*Asks:* 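This is the structure I have questions about; it appears just below.
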Amino acid sequence: MAFIKQFGAYLPSRIVSNEEMGAKVGCDADWIVNVSGIEQRRFADEETVVDLATRAAEDCLGRANIKATDLGMILLATSSAERRFPGPAVMVANRLGLHSVPCLDIPMASAGSLFGMVLASKLASTYGNILVIGAEKMSSVILREPMERGVAILFGDGAGACLITHDKGPARIIDSMIESDGAFAEDLCLEFDQPLKMNGRTVILQASRKIPRAIERILSQNGRKAKEIDIFLMHQANQNLIVRVAKALGVAEEKFYSNIRQYGNTSSASMLIAASEWWQSVGFRPGLPVCFATFGAGFHWGALLAEGVA
Amino acid sequence: MDKRAKLLEIIRQVSNPDANPQPDESLFESGLLDSFALPDMVTAIEAGFGIKIPDSDLNPRKFDSIERIESYLEDHT
């Protein structure tokens, strides 16, 4: 059995408005809101993925009131690492003063933090406290020339973290499912030193099917119904997609936590940033289930069901 | 109702009630379908023609025009 002990997040301070972004790519600020629901995003001008990840890790550990030396493993999901190897996970460990804790990078866009949570829930009985981090500096990707308007407007920078433990925590992880399919790998990909390539129609078409189905499956496996879920914490890809998933499940849009207006799509960081914000405003309540869900390049997708404990 | 008329009705449902695309006209390039109307159209095709379209066939190119959709339906119904 595994528990969620705490979340944390870090957002860089520089706010990039739709007016500023629109001027870069040649579009109106209102158009950006209409197609994505995004009003602004954050850019980490000087900070690196490791910087963002370390700040989120420190926030999470501080809130959990545990020392870095109590960690048994670090998993770090990112699609925007600055180099091929070593990846940022071990660099974050070094910043935290850890020199023998095993670290694993998950080079996965958008879905990475949920895959990390699922892996951590399976490994916690062996490794104890596992810190899952999702950190992205998407500005380093989307500002590459030639910038594509439909892609550049969507993304922002940030990091989120989640502490998963074999010991007690405010939420028990009930079940999870993750799946992958490489048949559409070319429809959303990032080659080294190239602009991000995205076939938005394929991505939305696949995500519109796979996310609700993953959620329905995890709920059905555990005898739950969508209307019983306290909150859905989903990858913040696009507000229109979030609304579509809510509609497919037959639940109110308000049941899906959303912060995409402020931060844009922060890829593998987004779900954990959303979870951290929700935790600080509401948080797990005893007996109430919470559902996490994600979808990203690969394609990779999945869902995780947790429940607040007394 | 024949297949083409039924398809046209679906396209009008998910896009514009006055839409009247040519059989070979791109539904995307003409602006009739955007990324979010496409899943609605696919779901409506499944319901309207009593078929289940597998994820492996969810390629926008297969649904880019009335002729392409008709071709897909001929192969799968």
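All heavy atoms count here, side chains included; hydrogens, waters and symmetry mates do not. Here is how names work: the chains are called A, B, and so on, in the same order as the sequence lines, proteins then strands, and each is numbered from 1. Because the structure is a prediction, the values reported are computed rather than measured.
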*Asks:* So is A/Arg201 actually on top of B/Phe28's ring, under 6.0 Å and inside 45° of the axis?
*Replies:*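 Yes.
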*Asks:* Please determine, among A/Val35, A/Leu241, A/Ile204, the option with the most heavy-atom pairs under 4.5 Å with chain B.
*Replies:*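 Winner by heavy-atom pair count: A/Ile204.
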*Asks:* Quick one: what part of B/Thr43 sits under 4.5 Å from any heavy atom of chain A, side chain, backbone, both or neither?
*Replies:*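 It is both, since atoms from each part get that close.
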*Asks:* To the nearest 0.5 Å, tell me how far B/Arg61 CZ sits from A/Asn199 CG.
*Replies:*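 One gets 6.0 Å once the value is rounded to the nearest 0.5 Å.
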*Asks:* If you measure from CD on A/Gln206 to CG on B/Asp55, what distance do you get to the nearest 0.5 Å?
*Replies:*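 Nearest 0.5 Å value for the CD-CG distance: 5.0 Å.
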*Asks:* Tell me which of these, B/Asp34, B/Leu33, B/Val42, has more heavy-atom pairs under 4.5 Å with chain A than the rest.
*Replies:*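 Counting heavy-atom pairs under 4.5 Å, the top option is B/Val42.
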*Asks:* Nearest 0.5 Å, what's the CG-CG distance between B/Asn59 and A/Leu205?
*Replies:*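 Rounded to the nearest 0.5 Å, the CG-CG separation comes to 8.5 Å.
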*Asks:* Pick one of side chain, backbone, both or neither for B/Asp40, based on which atoms fall under 4.5 Å of a heavy atom in chain A.
*Replies:*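 Answer is both: backbone and side chain atoms of B/Asp40 are under 4.5 Å from chain A.
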*Asks:* Where do B/Pro39 and A/Ser208 come nearest, in terms of heavy atoms and distance?
*Replies:*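 That closest heavy-atom pairing would be CG-OG, 3.6 Å.
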